[in-house]
2 protein chains.
Amino acid sequence: MKCEKVTKCRLESVVDIIGSKWNLMIIWHLRTSTLRFSELQNRMCGINSKTITKHLRDLENEAIISRTVYPEVPPRVEYALTEQGKEILPIIDEMLIWGGKFRHPPDGIAGCEPEGVIATTE
Amino acid sequence: MKCEKVTKCRLESVVDIIGSKWNLMIIWHLRTSTLRFSELQNRMCGINSKTITKHLRDLENEAIISRTVYPEVPPRVEYALTEQGKEILPIIDEMLIWGGKFRHPPDGIAGCEPEGVIATTE
DNA sequence: CGGTATCCCAGGCGATACTG
DNA sequence: CAGTATCGCCTGGGATACCG
């Protein structure tokens, strides 16, 4: 049957991007400000660098985020949402609305917040 | 560091559900009508039965879809969106809006449609 | 600091075959 | 028809170590 990648489903290209937990989180964390590599890594509960790098590259290739290198010592690299990237936020909002309605009380995305840092339950 | 699954991110529980290409597609296909196992399978470009079964079970456990068995011969099983499930559609809409804007012309989700069946490009 | 390289395992998913 | 069982590949992603 002929229904290869080509026509499979238009949803796919979108799911490829936001269908990943990591990608979503990166986008979410960048919603308010640009962040450095290590800042992102820390906010994302110690995701290992290989994984975060891969996702950052993917998002960069998709033009969802931008990567700016400051040629300093020590090196500094900042990530930010592009215009396309910012327009993904409404999707995340919808997701949070749903989640708040049916899964968790709408206490924001605590645990991911820079402010709340890690509200350890322990 | 203490930031286990518990507090990781509220987004996660939502991503677990709609972060899967297959789950999204199932929900999308059920948006207008209930469908039988084989109908779903065919619409989803021949996804194999093991995979679709797993995702159907997952969605059922999450109360996103309902499963109704008709004790007939031959057996008939119908899947439908629950109320919770229907409320996921806005999220998908947002995704399609974004996809239409930045990835593909907004020609719907051709290739997934019962009507258009598989608009083979070849 | 911001990565890359390597190793390795668990899980996703396709193919195929079989069953109530 | 609507699955379950088995096999086997490939990717995702954690741990660790090293580099410019």
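Proteins get letters first, then strands, A, B, ... in listed order; numbering begins at 1 in each.
- Residues satisfying the side chain to side chain donor-acceptor pair (under 3.5 Å) criterion with A/N48, sequence neighbours excluded, are A/T51.
- Under the side chain to side chain donor-acceptor pair (under 3.5 Å) criterion, A/K86 pairs with A/E83, not counting sequence neighbours.
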Under 3.5 Å, which N/O atoms of the protein pair with N/O atoms of nucleotides 5-12 of chain C?
from: C/dC7; atom 1: N4; to: A/K50; atom 2: NZ; distance (Å): 3.4

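- For B/T53 and D/dG3, the shortest distance from a side-chain N or O to OP1 or OP2 is not below 4.0 Å.
- Residues passing the side chain to side chain donor-acceptor pair (under 3.5 Å) test with A/E60, sequence neighbours excluded: none.
- Residues passing the side chain to side chain contact (heavy atoms under 4.5 Å, CB included) test with A/E78 are A/T34, A/R36, A/Y70, A/R76, sequence neighbours excluded.
- A/I52 has its CD1 atom 15 Å from the C1' atom of D/dG12, to the nearest Å.
- Under 4.0 angstrom from either OP1 or OP2 of D/dA2 there lies at least one side-chain N or O belonging to B/S38.
- When the side-chain nitrogen and oxygen atoms of B/R67 are compared with OP1 and OP2 of D/dG3, one or more of them lie within a distance under 4.0 Å.
- Within the structure, every pair that satisfies the ring pair (Phe, Tyr, Trp, His ring centres under 6.0 Å) test and touches residues 74-99 of chain A, not counting sequence neighbours, is listed here: A/W98-A/F102.
- Every residue two or more places apart in sequence or in another chain was checked for a side chain to side chain donor-acceptor pair (under 3.5 Å) with A/S38, and none qualifies.
- Two end axes, each from the C1' atoms of five base pairs, can be drawn for the helix from C/dC1-D/dG20 to C/dG20-D/dC1; they diverge by 50°, to 10 degrees.
- Contact check for A/I17 versus B/R103: side-chain heavy atoms found under the 4.5 Å cut-off.
- Across residues 71-79 of chain B, B/P74, B/P75, B/R76, B/V77, B/Y79 each have a non-hydrogen atom less than 4.0 Å from an atom of DNA chain D (numbered order).
- Qualifying side chain to side chain contact (heavy atoms under 4.5 Å, CB included) partners for B/N23, counting only residues two or more places apart in sequence or in other chains: B/S20, B/H55, B/L59.
- Atom CD of B/Q41 is separated from atom P of C/dG14 by 10 Å (rounded to the nearest Å).
- For A/V69, the side chain to side chain contact (heavy atoms under 4.5 Å, CB included) partners at least two apart in sequence or on another chain are A/R67, A/V77.
- The side chain to side chain contact (heavy atoms under 4.5 Å, CB included) test applied to A/T53 returns A/F37, A/R57, not counting sequence neighbours.
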